[in-house]
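As the structure is a prediction and not an experimental result, all values here were calculated from the model. Every heavy atom of this structure was used, including side-chain atoms; hydrogens, water molecules and symmetry mates were not. Letters A, B, ... are given to chains in the order of the sequence lines, protein chains preceding strands, and every chain is numbered from 1.
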Amino acid sequence: MSDAGSRSALVRRIDVRGLARVEGAGSLRVRIGPDGTIEIVEFAIFEPPRFFERLLVGRDVREVPDIVARICGICPVAYQLAACGALEAALGIRITPELRLLRRLLLAAEWIQSHAVHVFLLHAADYLGLDSGFEIPARLPGFVENGLRMKEIGCRMLEVLGGRAVHPVNVGVGGFHRAPDPVAIRGLVPDLEWGRAAALAALDVVRTFTAPAFPQDYECVAVAPATGYLAADTEAGPRIVSTAGLDIPCAAFPAHFVERQVPHSTGLHCLHTEPDATTGGRPYLTGPLARLNLFRDRLPPTARRAADAHLAGPCRDTFQSIGVRLVEIAAAFEEAAEIARTCHAAVAPCRIDFAPRAGTGSHAVEAPRGLLWHRYDIDAAGLVTAATIVPPTSQNLACIEADLRAFIPGVLDLPEPEAARRCEHLIRNYDPCISCAAHFLTLAVDRPPAGPCRP
Amino acid sequence: MTAIPPAPSRPRLAVFKFASCDGCQLQLLDAQGRLLEIADRFTIDHFLEASSRDLPGPYDVGLVEGSISTPADVARIHEIRGQCRFLVTIGACATAGGIQALRNWASAADYAAAVYARPEYVATLATSTPIAAHVPVDFELRGCPIDVGQLVELLTAVVVGRRPRVAPHCVCVECKARGTVCVAVARGIPCLGPVTQAGCGGLCPACDRECFGCFGPGPQPNLVSLTGFYERHGTPRDRLVRLLRSFTPWADDFRTESDRLEAADAAANAEPRP
């Protein structure tokens with residue numbers, strides 16, 4: 001997994017060739033020079049590129065939600081909802097409050113299943129010094145078992161609303177292909193109540209985990225929720241806000257954030273910049289910590305009490321992210337139960353009809369890992385002419401590298417495998433979804449000389 | 001496909017990923033509540049998405065997700081084949097090249113330049129192809145994503161030492177079994193159910209929409225007849241081409257038919273209009 005580089009001239013390397021317990025393929029390379037300075041920190045993505053933005057061109061808008069789901073098997077709903085919101089803005093479709101409510105329920109389901117996979121199967125093992133979630137039951141009986149049940153409830157919610165848990169088939173531009181069954185939705189309520197309590201009980205367990213103290217100054221960026229804590233559709237279109245005072249409509253995102261390609265990665269780095277700046281830009285944080293810091297007062301009551309008891313004050317340490325995710329699981333269960341209780345009749349209409357027209361639209365959604373931004377141009381026939389997708393992990397990459405630069409001096413004296421393991425833990429704090437990070441567009445296209453792509 | 005070899009008491013399982021969304025591997029983490037049971041029945045020796053435990057081969061069973069789309073992938077899949085007694089491809093990417101195989105109709109250089117400012121940093125092949133185009137494959141599970149029930153059936157069969165049982169028919173049969181009114185016949189929606197491998201349970205028509213073929217072509221599909229029927233009932237050819245070029249566009253039957261329709265469309269458009 002890791003190997004020590006040449007120790008002559010005190011040059012050391014930490015190589016994590018195949019980063020484990022993340023979705024997708026990534027690696028980390030660090031080089032420390034003879035004087036102890038960190039020369040290189042490269043969190044590299046070698047996920048094979050799949051060129052989604054290009055293959056969307058020429059597709060009918062109705063096909064887009066199914067296609068973008070395939071960018072990420074862990075958070076397909078966020079991709080579907082971001083695409084739907086952007087295309088509906090372009091087409092001038094007004095979504096009813098009832099449909100918006102069901103979309104929030106769908107997003108809650110995805111937060112639950114995605115966070116549960118990360119907390120219980122991928123991340124908790126780091127705090128316990130184990131290789132995987134499979135080994136936890138022997139150490140902490142019931143912990144992972146309850147986590148898997150939370151995940152199953154999330155999957156069941158996705159099935160009730162979307163037809164299946166991975167790549168739901170029932171989400172379309174304008175609403176749902178078929179109205180979800182209100183009896184089945186209300187039938188989820190006891191499980192949703194169990195889930196909220198179970199998430200908070202797991203938070204008590206996680207509090208006993210030991211972790212390094214690693215507070216950092218982050219600018220936190222997130223989509224402002226319309227109502228409650230879960231950011232979903234608003235009639236006026238979402239706003240993007242930050243702890244540094246940013247407050248912009250979603251369409252202005254490209255003026256404030258810039259993507260840069262780096263040689264060591266197929267994932268682009270996204271930086272916060274000033275409007276019209278040609279160079280520069282700073283890392284920023286998106287995801288659970290950012291949301292908690294920005295919208296703590298929007299948490300539903302039980303989740304809010306737990307957050308205040310266990311995670312008081314601004315949360316600046318990504319090693320606490322496992323607890324923040326549990327607060328968000330509890331919040332998602334709590335908001336979902338509230339919505340499910342009110343589902344007395346099948347939503348009608350389940351889908352708003354539309355006629356194709358030329359236009360441009362953008363939308364942003366809070367995926368489990370953070371801000372997800374989509375923009376589409378469509379022609380009069382309803383075919384996509386351009387697509388831009390900025391996933392959360394690309395936005396966190398610069399932050400992860402900045403964290404590593406600050407973190408590595410503290411682990412340099414450890415044996416190589418242990419140092420590598422701690423760096424991996426730090427990266428996993430972000431729940432990087434590397435399959436998504438490999439697919440997005442630069443804002444400026446610099447065409448290469450003609451000829452085949454370099455192998 | 002070969003008969004499954006007798007398995008040792010705790011077969012060594014490895015899971016590998018190529019170009020994909022991770023959704024099929026996630027089905028393994030779902031496994032209908034049987035994940036921990038599976039973890040007990042196998043020794044999971046290489047499954048990077050779920051575990052830092054990483055032991056060298058040879059493995060008894062290798063599950064491969066994703067398509068081959070970079071030069072490094074080609075070398076790696078040969079190495080993996082050499083390490084796995086029983087190699088199973090899982091999902092539309094591994095079995096048919098996935099949606100990213102749409103690039104096979106275009107220039108890869110053009111694709112890379114549209115997404116990356118400096119395409120020379122990105123190593124990519126001109127095509128995205130299924131695993132079986134590179135190495136022999138012992139069994140395949142279709143779907144985008146694969147069906148959890150079929151995955152559990154496969155793993156059970158491995159433990160017991162028998163051949164996995166997966167449906168040998170098309171989605172149409174699943175709609176009839178489920179009691180879904182046919183969206184093609186009753187509502188005139190062009191649906192790929194009659195030519196698509198079963199396994200999803202007839203999911204999309206049950207949601208009042210067309211099957212878009214994510215399990216790939218079924219046994220002996222009569223595509224020319226089906227698309228001819230949809231054309232006669234008013235579906236434009238370009239829409240049928242897009243329907244066939246969705247999540248398993250590079251599967252032989254779908255590819256051949258979408259190419260035929262596209263050529264017919266081009267020829268029709270080239271004719272002088274009266």
Side-chain angles (χ1 to χ4, degrees), chain A residues 1 18-25 48-51 53-55 59-60 63 66-67 70-74 76 117 121-122 125 131-134 137 144-145 148 151-152 155 163-167 169-170 177-178 261 263 266 424 435 439-442 444-448 451-455, chain B residues 17-27 29-30 33 35-36 39 44 48-54 66 69-71 73 98-100 102-103 106 108-126 128 144-145 200 203-204 206-209 212 239 242 246-247:
Chain A
M1 196 79 188
L19 184 63
R21 283 182 277 134
V22 298
E23 294 99 24
R50 289 188 294 151
F51 308 114
E53 287 145 322
R54 177 63 184 80
L55 62 83
R59 304 302 296 216
D60 191 293
E63 302 164 2
D66 296 316
I67 293 174
R70 270 66 184 184
I71 293 174
C72 177
I74 323 296
V117 167
L121 288 176
L122 310 183
D131 278 343
S132 79
F134 307 135
V144 168
E145 291 86 336
L148 287 175
K151 174 181 162 15
E152 275 174 51
C155 289
R164 69 178 164 199
V166 177
H167 303 329
V169 301
N170 197 23
H177 293 287
R178 185 191 190 107
Q261 190 181 0
T266 53
E424 281 194 75
S435 357
H439 323 288
F440 45 85
L441 183 76
T442 47
V445 176
D446 176 9
R447 294 232 163 240
C453 229
R454 206 178 71 166
Chain B
K17 176 190 152 61
F18 290 87
S20 66
C21 77
D22 284 63
C24 292
Q25 293 185 63
L26 186 65
Q27 297 289 55
L29 297 184
D30 277 341
L35 173 65
L36 296 176
I44 301 175
L48 269 186
E49 177 171 309
S51 176
S52 304
R53 178 187 164 94
D54 185 13
S69 69
T70 71
D73 288 350
I99 187 168
Q100 57 271 20
L102 287 172
R103 75 160 84 159
D110 165 51
Y111 259 47
V115 178
Y116 298 93
R118 305 290 303 272
E120 66 273 22
Y121 293 163
V122 180
T124 187
L125 292 173
S128 165
C144 184
C200 62
L203 193 59
C204 287
C207 288
D208 289 343
R209 62 173 303 188
F212 46 78
R239 184 170 166 196
R242 287 200 307 272
S246 297
F247 302 102

| task | Give a yes or no answer on whether the side chain of B:Arg209 reaches the backbone of A:Val169 with a donor-acceptor pair at less than 3.5 Å. | result | yes

| field | Smallest separation among heavy atoms of B:Ala50 and A:Ser132, with atom names | value | O-CB, 3.4 Å

| Euclidean distance, A:Phe51 CZ relative to B:Ser128 OG, rounded to 0.5 Å | 10.0 Å

| said: How long is the straight-line distance from CG of B:Leu102 back to CZ of A:Arg59, given to the nearest 0.5 Å? | reply: 5.5 Å

| request: Kindly indicate, with the supporting measurements, whether the criterion side-chain contact (heavy atoms from CB on, under 4.5 Å) is fulfilled by B:Ser246 and A:Glu63. | output: CA-CA 9 Å; B:Ser246 297; A:Glu63 302 164 2; over 6 Å; no

| field | A:Asn170: side-chain hydrogen bond (donor to acceptor under 3.5 Å, both in side chains) partners, not counting sequence neighbours | value | none

| remark: With sequence neighbours left out, the residues meeting side-chain contact (heavy atoms from CB on, under 4.5 Å) with B:Asp208 are A:Arg178, B:Arg187

| request: Would you name the heavy atoms of B:Leu29 and A:Lys151 that are closest together and state the gap between them? | output: O-CE, 3.7 Å

| message | Looking only at heavy atoms and a cut-off of under 4.5 Å, which of A:Asp60, A:Asp66, A:Val144 has the most pairs with chain B? | response | A:Asp66

| request: First locate atom SG of A:Cys155, then atom CG of B:Leu26, and finally report the distance between them rounded to the nearest 0.5 Å. | output: 7.0 Å

| query | Does the A:Arg164 side chain pair with the main chain of B:Cys200, one donor and one acceptor, at a distance under 3.5 Å? | reply | no

| For A:Pro76, is it the side chain, the backbone, both, or neither that has a heavy atom closer than 4.5 Å to a heavy atom of chain B? | neither

| task | Measure B:Cys24 against the heavy atoms of chain A and call it side chain, backbone, both or neither at under 4.5 Å. | result | neither

| task | Could you give me the CA-CA distance, side-chain angles and deciding distance for B:Cys21 and A:Arg50, then say whether side-chain contact (heavy atoms from CB on, under 4.5 Å) is met? | result | CA-CA 10 Å; B:Cys21 77; A:Arg50 289 188 294 151; 3.8 Å; yes

